[in-house]
Amino acid sequence: MPQDSPVQDRITWYWNQHAPAYQRFQEQRLAHPDYDAAWTRVWRDALPDDAETVLDVGTGTGHAALTIAALGRRVRGIDIAPAMLDYARDNARRRGLDITFVQGDAVRPEVRGGPFDALVSRYLLWTLPDVDTALRDWRRLLRPGGRLAVVDAPWHAGGMRHSDTDPRAHAYDAEARRALALAEADDIAAWRERILAAGFTDVESTPLTELFELDGVHGVATDHHRTLQHLITAQNPGAP
Ligand SMILES: C[S@@+](CC[C@H](N)C(=O)[O-])C[C@H]1O[C@@H](n2cnc3c(N)ncnc32)[C@H](O)[C@@H]1O
């Protein structure tokens with residue numbers, strides 16, 4: 001990947017090459033009964049009982065999509081990195097879950113099967129170059145009254161620091177960090193403000209303390225810090 005390629009291309013390159021390691025870590029977490037129970041509670045509480053169709057944006061290896069499909073919802077997942085999607089499809093197949101995974105950009109996504117009752121996204125907004133356009137487009141994919149449920153965290157409060165040999169240093173360089181609105185945000189309020197500015201209503205955030213405690217016991221991924229994650233829910237009031 002050339003140094004002067006656009007920011008999103010470098011980020012997509014990073015996630016494609018990181019897919020095997022990401023899969024190993026997330027697969028461990030999915031197989032852990034305490035994490036599985038905690039994430040099942042997060043998504044069950046986040047989604048209204050009548051939300052039948054759910055779109056998982058930036059699905060990666062499918063962590064949220066798999067957990068939500070296991071709750072009996074009809075799920076579609078979209079991600080920009082084909083290598084992540086290969087794992088997601090295999091994960092669904094091995095669990096006997098019928099989930100459609102498609103490649104696409106979270107900013108201006110083109111997805112069949114909408115409008116959806118709910119749109120979920122875990123650990124994506126921090127790495128998007130155009131959060132505001134994405135959020136406005138997500139409203140178009142949701143039915144009026146549909147639910148947005150985002151899980152994210154101020155992972156890099158105080159600034160991103162990677163050693164030169166860390167592949168993240170190339171993808172998330174100074175130019176990228178300037179382009180990413182939330183990558184170095186230090187408070188989850190920044191997520192709430194952008195969700196409100198995109199026209200969502202009833203924006204509420206909940207700290208996921210149970211997961212924070214589990215991470216204290218079991219540790220986090222290599223080169224990551226334990227960080228309190230938040231669930232942010234909101235409602236699409238109608239057509240944008
Ligand atoms: C930290 S991973 C999170 C994956 C998954 N949501 C999870 O919870 O495990 C970030 C994901 O966002 C994807 N991604 C990054 N930029 C994207 C974009 N513009 N559109 C769609 N997916 C994107 C990456 O390919 C990667 O799979």
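Bear in mind the structure is a predicted one, so any value in this text is a computation, not a measurement. Remember, it's 1-based here, ligands and their atoms both numbered in the order they're listed.
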Asker: As a test of reading the model: which residues have a non-hydrogen atom less than 4.0 Å away from ligand 1?
Answerer: Q8, W15, Y22, G58, T59, G60, H63, D79, I80, A81, M84, G104, D105, A106, R122, Y123, L124, L128
Asker: Apply salt bridge (charged side-chain N to carboxylate O under 4.0 Å, His left out) to D166 and list each qualifying residue two or more places apart in sequence or on a separate chain.
Answerer: R168
Asker: Is the centre of the H218 ring less than 6.0 Å from the centre of the Y35 ring?
Answerer: yes
Asker: Thinking salt bridges, do R94 and D90 make one under a 4.0 Å N-O criterion?
Answerer: yes
Asker: Show, in sequence, the C-alpha distance, side-chain angles and deciding distance for T53 and R74, and conclude whether the side chain to side chain donor-acceptor pair (under 3.5 Å) test is met.
Answerer: CA-CA 5 Å; T53 57; R74 256 189 300 139; 5.9 Å; no
Asker: Assess whether salt bridge (Lys or Arg N to Asp or Glu O under 4.0 Å) is satisfied between D152 and R122, documenting all intermediate values.
Answerer: CA-CA 6 Å; D152 216 346; R122 193 183 82 143; over 6 Å; no
Asker: Under 3.5 Å, is there a donor-acceptor pair between the side chain of W138 and the main chain of A106?
Answerer: yes
